[in-house]
Amino acid sequence: AQKITQTQPGMFVQEKEAVTLDCTYDTSDQSYGLFWYKQPSSGEMIFLIYQGSYDEQNATEGRYSLNFQKARKSANLVISASQLGDSAMYFCAMREVDTYGQNFVFGPGTRLSVLP
Amino acid sequence: EPEVTQTPSHQVTQMGQEVILRCVPISNHLYFYWYRQILGQKVEFLVSFYNNEISEKSEIFDDQFSVERPDGSNFTLKIRSTKLEDSAMYFCASSEGGRETSTDTQYFGPGTRLTVL
């Protein structure tokens, strides 16, 4: 079963506008972490933002914020004031820790294109 | 700012040859990981390593793969007899540690692109 779902294979946004990238997850654990990574065309994976399952506040990091809705099991990434350099693949990932160890899984990604 | 480094950035090899991909994790990190990403596909977990031994591995990480921490800084992934389908980007990552916590952020290296001919 898919642990992480990103339903938008591709998104377009106008420069300076905000964009939301969707992520839903599936877990039965109470304690887990949700992460977003950016992968530009150069290929590296850049950590953007983290949300813990027990965090009551939505995480924010500069222009990135995470819209965490625990009951709906969603962790959408919001990028405000998009810039051309935001064009990249964006991956949602989840870390679970249970008695069998840790599990870190990635979603299929969303390709964001920022238009001038 | 400390970062994970990987060498080489690109490795081309013939099918059946052995390759070793190298990584230098962030110095105070205790957990190390290898992932692969076949072109255009999602990132797949291969293996995690803690306290000089494998802590978890995926189905992909079969007998042709091995990992080693030969000294205090390097972390290597060896593929014994490469196959065409091993062509992918291989990412090393490290985290501070905390098997017991889910808050452990993994920081990725820039990747090694492996091409098997």
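Letters A, B, ... are given to chains in the order of the sequence lines, protein chains preceding strands, and every chain is numbered from 1. As the structure is a prediction and not an experimental result, all values here were calculated from the model.
Within the 4.5 Å cutoff, no side-chain heavy atoms of B:Gln106 are placed close to those of A:Phe35.
For a residue to count as touching a neighbouring chain, one of its non-hydrogen atoms must lie under 4.5 Å from one of that chain's; by this rule B:Gln6 does not touch chain A. Only the side chain of A:Gln39 comes within contact range of chain B, with at least one heavy atom under 4.5 Å from a heavy atom of that chain. Using a 4.5 Å cut-off between heavy atoms, A:Tyr54 does not touch chain B at all.
In terms of hydrophobic clustering, with Ile, Leu, Val, Met, Phe, Trp and Tyr side chains grouped at heavy-atom distances under 4.5 Å, A:Tyr37 and B:Met89 are assigned to a common cluster. A:Leu34 and A:Leu77 end up in the same hydrophobic cluster when Ile, Leu, Val, Met, Phe, Trp and Tyr side chains are linked at under 4.5 Å. Under the 4.5 Å side-chain heavy-atom criterion for ILVMFWY residues, no single connected hydrophobic cluster contains both B:Tyr35 and B:Phe32. One hydrophobic cluster, built from ILVMFWY side chains closer than 4.5 Å, cannot hold both A:Val19 and A:Val78; they sit in different ones.
Counting non-hydrogen atoms of other residues, nucleotides and ligands closer than 6.0 Å to NZ of B:Lys57 gives a total of 12 or fewer.
Distance check: A:Met45 CE to B:Tyr107 OH gives 13.5 Å after rounding to the nearest 0.5 Å. For the atom pair OG (B:Ser9) and CD (A:Glu44), the distance works out to 12.0 Å, reported to the nearest 0.5 Å. Put simply, CZ on B:Phe108 and CZ on A:Phe91 are 10.0 Å apart, with the number rounded to the nearest 0.5 Å. Here the OG1-OH distance, from B:Thr105 to A:Tyr50, works out to 7.0 Å after rounding to the nearest 0.5 Å.
The aromatic ring centroids of A:Phe106 and B:Phe45 lie 6.0 Å or more from each other.
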Can you give each donor-acceptor pair under 3.5 Å made by side-chain atoms of residues 58-66 of chain A, sequence neighbours left out, with the distance rounded to 0.1 Å?
{"from": "A:Asn58", "atom 1": "OD1", "to": "A:Phe68", "atom 2": "N", "distance (Å)": "3.1"}
{"from": "A:Arg63", "atom 1": "NH1", "to": "A:Ser80", "atom 2": "O", "distance (Å)": "3.1"}
{"from": "A:Arg63", "atom 1": "NH1", "to": "A:Ala81", "atom 2": "O", "distance (Å)": "3.2"}
{"from": "A:Arg63", "atom 1": "NH1", "to": "A:Asp86", "atom 2": "OD2", "distance (Å)": "2.9"}
{"from": "A:Arg63", "atom 1": "NH2", "to": "A:Gln83", "atom 2": "OE1", "distance (Å)": "3.4"}
{"from": "A:Arg63", "atom 1": "NH2", "to": "A:Asp86", "atom 2": "OD1", "distance (Å)": "2.8"}
{"from": "A:Arg63", "atom 1": "NH2", "to": "A:Asp86", "atom 2": "OD2", "distance (Å)": "3.3"}

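Under the side chain to side chain donor-acceptor pair (under 3.5 Å) criterion, the residue pairs touching residues 74-93 of chain B are B:Gln64-B:Asp86, B:Asp71-B:Asn74, with sequence neighbours excluded.
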